[in-house]
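Before any comments, here is the structure.
As the structure lists them, so they are numbered: ligands from 1, and atoms in each ligand from 1. Computed over heavy atoms, backbone and side chain alike; hydrogens, waters and symmetry mates excluded.
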Amino acid sequence: MTTDFAPFLAWLDDQYEEMLAKTIALAETNSGSLNADGVNRVREMLTEYCQVLEGEIEVIPVAPYQNLNANGVMESFPLGDALRIRKRPEAPLQIFFCGHMDTVFAKDSSFQQVRWLDEETLNGPGVADLKGGIMVMLKALEALERSPWADKIGWQILFNPDEEIGSPGSAPLISEAAKQVHLGMIYEPCFPDCNFAGERKGSGNFCVMVRGKAAHAGREHHLGRNAVRAMCDFVSDLDDLNGLRPGVTINPGLIEGGGAVNIVPDLCIHRFNIRLVDPADEDWCLGQIDKLLAKINARDGISIELFGNFGRKPKVLSTANTKLFELARECGQSLGMDLQWLPTGGCCDGNNLAAAGIPNIDTLGVQGGKIHSSDEYLKVKSLNERAKLSALILFKLATSENLNWLEEN
Ligand SMILES: [Zn+2]
């Protein structure tokens, strides 16, 4: 390792206690995506934690989350505000830092506290996804600010309130950032073996609603138009699309409809998810679904309507993105870590940033696992290790003579 960097990385060794204490405080503050008050409490804590960075702080409200409920009514849920912090927008290299404040654990979940599984392993809501990662990001940036190379890098942090529900409200903020930066660093947890996520599938969440006509099942069955039956036909046809296109998978996930068995049901709702590898397959999927909808809509007394979209574009690795991974691997090597990047079917904000042409690494956060379950854990040693990794990436970028590769597609 270039000896110059060593003292600035060593400083991070002394930050462990603080990183751990703040990770625990954040994890024990519930911030389920739809708990706007809880997300805003986390935002206030982060505002305080960020003071030391001396950036320009903004609180930005985002649009409410819309969801079609089981009664066919579009419901609106307020979300917590996003938090954006910017510094040195005039510096030659601009970096976007992102981490989400929300978790999958609702306000009434029984999983609200941390506990130690052993000396190295902390179990708790969001300890890995993504509250530990937030501390990794903030300490790496603090290390940069304390170094002599800070003036080479301008940065903006976005703490978004809604990643776990697909970032519907914060997506415009990510697109806005993509126009202003050269690369992105996102703090989702790495894989349990410390490796990065490379390519990612794209994903779309959809909902279809069938309306038919209610009638008494005994006296006037012939007057009814059965929404459940129409939906069953739609779902079978939809599932039959699996296997027709390499890399495309469709998962019918939930059907809600009907009630008393002596009534012909007049409403049925179905929710499904599509994953794909090739961005061009979005159009293929939408075209196929349109045909299925037309078939159902042609029926007497039955109507079907589609909601939703492909919120996450596939993350395809550009040349620049691959070079960014190579830089991270080199940094890992000098810190004694052997890091690879592997494709995954999961998605995150890194998908959207890559789709906007910005190379990024989206799993710079902590080592942990079993995320989205009450077994979620954090390997606490990784708080330091990963902060050093990010700090070293920043130092190397700041001192690099040639960053032209960032423009390669
Ligand atoms: Zn996450």
Side-chain angles (χ1 to χ4, degrees), residues 22-24 26-35 38-39 42-43 45-46 62 65 79-80 82-83 96-106 109 111 114 122-138 140 157-171 173-174 177 184-203 205 273 275 311-313 315 341-354 360-379 382-383 386 390:
K22 288 181 173 171
T23 298
I24 293 173
L26 290 169
E28 293 193 336
T29 304
N30 179 279
S31 59
S33 309
L34 300 185
N35 176 11
V39 171
V42 165
R43 171 176 56 71
M45 293 163 80
L46 294 181
V62 304
Y65 173 58
L79 296 173
L83 178 65
F96 176 60
F97 290 83
C98 187
H100 59 85
M101 298 182 282
D102 62 324
T103 69
V104 298
F105 305 106
S109 155
F111 189 41
V114 305
L122 184 71
N123 164 241
V127 286
D129 185 15
L130 177 151
K131 287 166 173 174
I134 288 176
M135 293 318 304
V136 168
M137 176 212 296
L138 292 181
I157 305 175
L158 177 68
F159 289 120
N160 54 344
D162 56 349
E163 193 275 343
E164 296 292 5
I165 51 172
S167 307
S170 59
L173 298 174
I174 296 171
M185 297 173 71
I186 300 179
Y187 286 80
E188 291 292 332
C190 55
F191 289 128
D193 58 6
C194 289
N195 285 321
F196 297 120
E199 276 141 339
R200 288 178 178 273
K201 288 190 178 181
S203 171
N205 288 326
N273 175 261
R275 303 268 162 156
R312 301 290 193 201
K313 306 289 169 188
K315 182 173 181 181
W341 52 98
L342 309 165
T344 172
C347 317
C348 72
D349 289 324
N351 288 59
N352 302 43
L353 204 55
N360 66 83
I361 301 181
D362 55 34
T363 34
L364 284 163
V366 292
Q367 180 192 8
K370 299 198 174 154
I371 60 171
H372 296 193
S373 85
S374 56
D375 293 326
E376 176 173 359
Y377 67 87
L378 157 68
K379 290 289 180 191
S382 71
L383 286 167
R386 304 292 289 190
S390 276

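At a cut-off of 3.5 Å, with distance as the only test, a side-chain donor of Asn360 or Lys315 sits close to an acceptor on the other residue.
By the 30° and 60° cut-offs, the orientation of the rings of Tyr187 relative to Phe97 is parallel.
With respect to the Zn ion (ligand 1), Asp129 has OD1 as its nearest N, O or S atom. The atom name of the N/O/S atom in Glu188 closest to the Zn ion (ligand 1) is OE1.
Not a single N, O or S atom of Glu163, from either the backbone or the side chain, sits less than 2.8 Å from the Zn ion (ligand 1). Cys348 lies apart from the Zn ion (ligand 1) in this respect, since none of its N, O or S atoms is found at a distance under 2.8 Å.
Salt-bridge annotation for Glu28 and Lys131: absent, with no side-chain N of the basic residue lying under 4.0 Å from a carboxylate O of the acidic one.
For the pair Thr103 and Asp129, the minimum side-chain heavy-atom distance is 4.5 Å or more.
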